[in-house]
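Order of the sequence lines sets the chain letters (A, B, ...), proteins ahead of strands, with each chain counted from 1. Computation of the quantities below employed the complete heavy-atom set of this structure, encompassing side-chain atoms and omitting hydrogens, waters and symmetry-equivalent molecules.
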Amino acid sequence: MIASLALILLAQLLGEVLARGAGVPVPGPVIGMGLMFAFLLLRDSAGLGLSRFLPKPLTDGTLETTARGLLMNLSLLFVPAGVGVVGRLDLLRAQGAKLALVLIVSTALSLLVTVLVFRAVAARVERRRPDGEP
Amino acid sequence: MGGDFSLWVYLAKTPLLWLTVTLTAYVLADRIAAATGRHPIANPVLITVALVGAVLAITGTPYGTYFEGAQFVHFLLGPATVVLAMPLYERRATVLRALAPMLAALAAGSATTLAVVIALARLLDIPQPVLVSLAPKSVTSGVAMGIAEALGGDPTLTAILVILTGIIGAILVTPMMNLLRIRDMRARGFAAGLAAHGIGTARAFQVSEVAGTFAGIAMGLNAFVTAILAPLALHLLF
């Protein structure tokens, strides 16, 4: 558990250092996600035999369990920022109706265009080689 | 009575109280959401925010005091983003096969969002500083605030618009996709993550792990693309 948390925080920290250092417009945690992905690839590549040198929790599934626990409750993590909205309702009141319209219409269109383009391209690419994914 | 009051004054200032309120409200909200069979309207973020907001209003607690306790939860947003690597890694073969549809949907989705937001805001005569704060609203909050600030917007307003967008997207996505009869969980998840960042991703994980994985990828990619496109779009459409 602690080893897993340490690794997760380390990935985020390195991501933050890379993001700030290189001035890329990507958030540190997103780079951290990439670093964690790379770690998993290296850990599981049989040729390197890296898993022998790693703390046990990083190889026996504890890391995965910790990750799943966080992702299962992703909603909770938005609550503190969300409560900030309640405190700032005055800011929204002036332009409230217009802002609501913009937010609802643009979010709906964004969902619509994304899903339709995804589906159209997927149908085109996968017609020749159908996969098992439903 | 005086003793009770001084206990309250003490507790109201400790992180313990507000952390407890946040977690308890979330457990309650999650029970409510489960009782409705995870109906999209019963969004756990929305219910928890309403509950906590009510407690703060009734007790007259300023947001700053609340956040001192809640920041421990808020902090976990970063680590939660990092561990999106796990489902991504476990399903890397599925993800790799869907590379072409993902990139096409990313380009189309990011561009549409920006164009619609800017065009609608112009049409409705929304003032320029608000418009700039609106532009990055589909992106995860940390990045969106950075984008808005760089373009001369108001980062606080952006944070609010980002959260509202996330809740709207998480509520809309399931009924919309069912109406369109889209059963491809990859496409559904990708759209949720692109349009409604982490809150859409949380909703996608409730529906299916494949959807959640694709939502996480879309969230990360859109943060990158919007950071590049937003300044261009604002420049072009003015």
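Only the side chain of B/P87 comes within less than 4.5 Å of a heavy atom of chain A; its backbone N, CA, C and O stay farther away. Within the 4.5 angstrom heavy-atom criterion, no atom of B/I167 approaches chain A. Heavy atoms closer than 4.5 Å to chain A are found in both the backbone and the side chain of B/A80. Residue contact with chain A, scored on non-hydrogen atoms closer than 4.5 Å, involves the side chain of B/E90 exclusively. B/L180 touches chain A through backbone and side chain together, each having a heavy atom under 4.5 Å away. For B/A100, the parts sitting under 4.5 Å from any heavy atom of chain A are the backbone and the side chain alike. Contacts between B/Y63 and chain A at a heavy-atom distance below 4.5 Å involve the side chain alone, from C-beta outward. Proximity to chain A is absent for every atom of B/F72, based on heavy atoms less than 4.5 angstrom apart. Residue B/V130 touches chain A through its side chain alone, counting heavy-atom pairs closer than 4.5 Å. Proximity to chain A is limited to the side chain of B/R92, based on heavy atoms less than 4.5 angstrom apart. Heavy atoms closer than 4.5 Å to chain A are found in the side chain of B/M176, but not in its backbone. For B/M219, no part lies near chain A; criterion is any non-hydrogen pair under 4.5 Å. When heavy atoms are compared at a cutoff of 4.5 Å, B/T22 approaches chain A by way of both its backbone and its side chain. Both the backbone and the side chain of B/T201 come within less than 4.5 Å of a heavy atom in chain A.
Side-chain contact between B/T158 and B/V162 is present, with heavy atoms from C-beta onward closer than 4.5 Å.
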Audit row: B/S133, B/D154, side-chain hydrogen bond (donor to acceptor under 3.5 Å, both in side chains) steps and yes/no: CA-CA 6 Å; B/S133 315; B/D154 172 0; 5.6 Å; no
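Of all the listed residues (A/V115, A/L35, A/V85, A/L101), the one sharing the greatest number of non-hydrogen pairs under 4.5 Å with chain B is A/V115. Ranking B/G78, B/G109, B/G53, B/G200 against chain A, the residue ahead of the rest is B/G78, based on heavy-atom pairs under 4.5 Å. Among the candidates A/G32, A/A11, A/A81, the residue making the largest number of heavy-atom pairs closer than 4.5 Å to chain B is A/A81. Interface summary for chain B: among A/L5, A/L41, A/L9, the most heavy-atom pairs under 4.5 angstrom belong to A/L41.
A salt bridge is defined here as a Lys NZ or Arg NE, NH1 or NH2 lying under 4.0 Å from an Asp or Glu carboxylate O, and A/E126 with B/R97 fails to meet this definition.
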